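We name chains A, B, ... by the order of the sequence lines, and we start the count at 1 in each one. None of the values given here were measured: they were computed from a predicted structure.
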Amino acid sequence: MKIATWNVNSLTARLQHVLDWLIANPVDVLCLQELKMSDDKFPLDVLQSAGYNAAVFGQRTYNGVAILSLAPIRDIGKNIGGFADDHSRVISATIDTRSGPLRIVNGYFVNGQAPGTEKFAYKMSWLRALRDWLREELAAHPRLTLLGDFNIAPEDRDSFDPVGLAETIHHTTEEREHFKSLLQLGLVDSFRLFEQPEKSYSWWDYRMLGYQKNRGLRIDHILVSETLVPQAKGCVIDRVPRKWDKPSDHAPVILEIDP
DNA sequence: ATGGCACTGGCACAGTGA
């Protein structure tokens, strides 16, 4: 089965891209971020016509996350337990697979603007709360995947300019330590389980011909709990929709696991 | 060093993103 994540930068603006992509890539689960719409605007009927169930946690203008799944979705949770948040950034749910229940945690992590700002401080407290909550989630759901737009380039090789951008947003030691602390919970970056092309990125700036020059960052990730690692068969970034007209600035990431 | 571009709300342009 295939599980994917895609920051669509407005589902209103990108609905046709999502539908076209799902036709070409009929994944079992697609986690979306940056819906930028309230729940009542979510195009549930058209996605159901495409065969998908949906769990939605929307918000007007900013943020907003959803899980699309061919299989029924149950036990939906919203945001980080014990952490009061005005933003709609996390939706979690369980689907049943042949190997047992699979817990899906879909996150749109805080951007953080720049070190030293209030937004960066929010990012740090958000990441701390996420880690503490995930420790419990993992204990309750051993088969778990944490995926989405992390807004963290975990290593130098995940950035087109690790020297010039050293200690700037997405690259700071503090953010990378938080990423490592998620791995220390018993999660694995599935992309790095497999041989990958050099300079593999999942986001490119709209400006300055970022995509054409491959000036990108790998900030969209699919982490899997250690029990799932033997079932992981491949993880790829699909750059195709980034070349379409009026694209999202992010590309989908897809994990294949034994069902 | 700065801006580059895209999106939303709402109808001018500020806020946000990464």
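Note on A:Lys246: every side-chain N or O is 4.0 Å or more away from OP1 and OP2 of B:dC5.
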Pick out the pairs of N or O atoms, protein on one side and nucleotides 11-17 of chain B on the other, that lie under 3.5 Å.
residue	atom	partner	partner atom	Å
B:dT16	OP2	A:Lys119	NZ	3.4

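Rounded to the nearest Å, the gap between the P atom of B:dA12 and that of B:dT2 is 30 Å. Between B:dC13 and B:dG4, the distance separating the two P atoms is 15 Å to the nearest Å. Going from the P atom of B:dA1 to that of B:dC11 covers 37 Å, rounded to whole Å.
A straight line from CZ of A:Arg60 to P of B:dC7 spans 18 Å, rounded to a whole angstrom. Here B:dA6 presents its P atom at 13 Å from CH2 of A:Trp203, a figure rounded to the nearest Å. Here B:dC7 presents its C1' atom at 16 Å from NZ of A:Lys41, a figure rounded to the nearest Å. At whole-Å resolution of the value, CD in A:Gln59 and P in B:dC7 are 19 Å apart. Distance, A:Leu209 CG to B:dA6 P: 11 Å, rounded to whole Å. When rounded to the nearest whole Å, the span between CH2 of A:Trp204 and P of B:dA6 equals 16 Å. Rounded to an integer number of Å, the gap from NE2 of A:His17 to P of B:dA6 is 13 Å. Summarising the geometry, the separation between CG on A:Leu15 and P on B:dC7 is reported as 14 Å, rounded to the nearest angstrom.
Heavy atoms of A:Arg14 sit under 4.0 angstrom from primed sugar atoms or phosphate atoms, though from no base atom. Within 4.0 Å of A:Ser248, counting heavy atoms only, lies no atom of the nucleic acid at all. Nucleic acid contact for A:Ile219: sugar-phosphate only, since backbone atoms but no base atoms lie under 4.0 Å from a heavy atom of the residue.
Judged by closest nucleotide on DNA chain B, A:Pro247 is the one of A:Leu217 and A:Pro247 placed further toward the 5' end.
The hydrophobic cluster containing A:Ile222 also contains A:Ile67, counting ILVMFWY residues as joined when their side-chain heavy atoms lie under 4.5 angstrom apart, directly or transitively.
Within a 6.0 Å radius of CD in A:Glu118, no more than 12 heavy atoms belonging to other residues, nucleotides or ligands are found.
Ring centroids of A:Tyr122 and A:His87 are separated by less than 6.0 Å, placing the two rings close together.
Checked by atom type, the side-chain pair A:Glu34/A:Asn7 shows a donor-acceptor distance below 3.5 Å. At a cut-off of 3.5 Å, with distance as the only test, a side-chain donor of A:Glu175 or A:Thr172 sits close to an acceptor on the other residue.
Side chain of A:His221 to backbone of A:Ile152: a donor-acceptor contact under 3.5 angstrom is found.
In this structure, CZ on A:Arg215 lies 11.5 Å from NZ on A:Lys199, to the nearest 0.5 angstrom.
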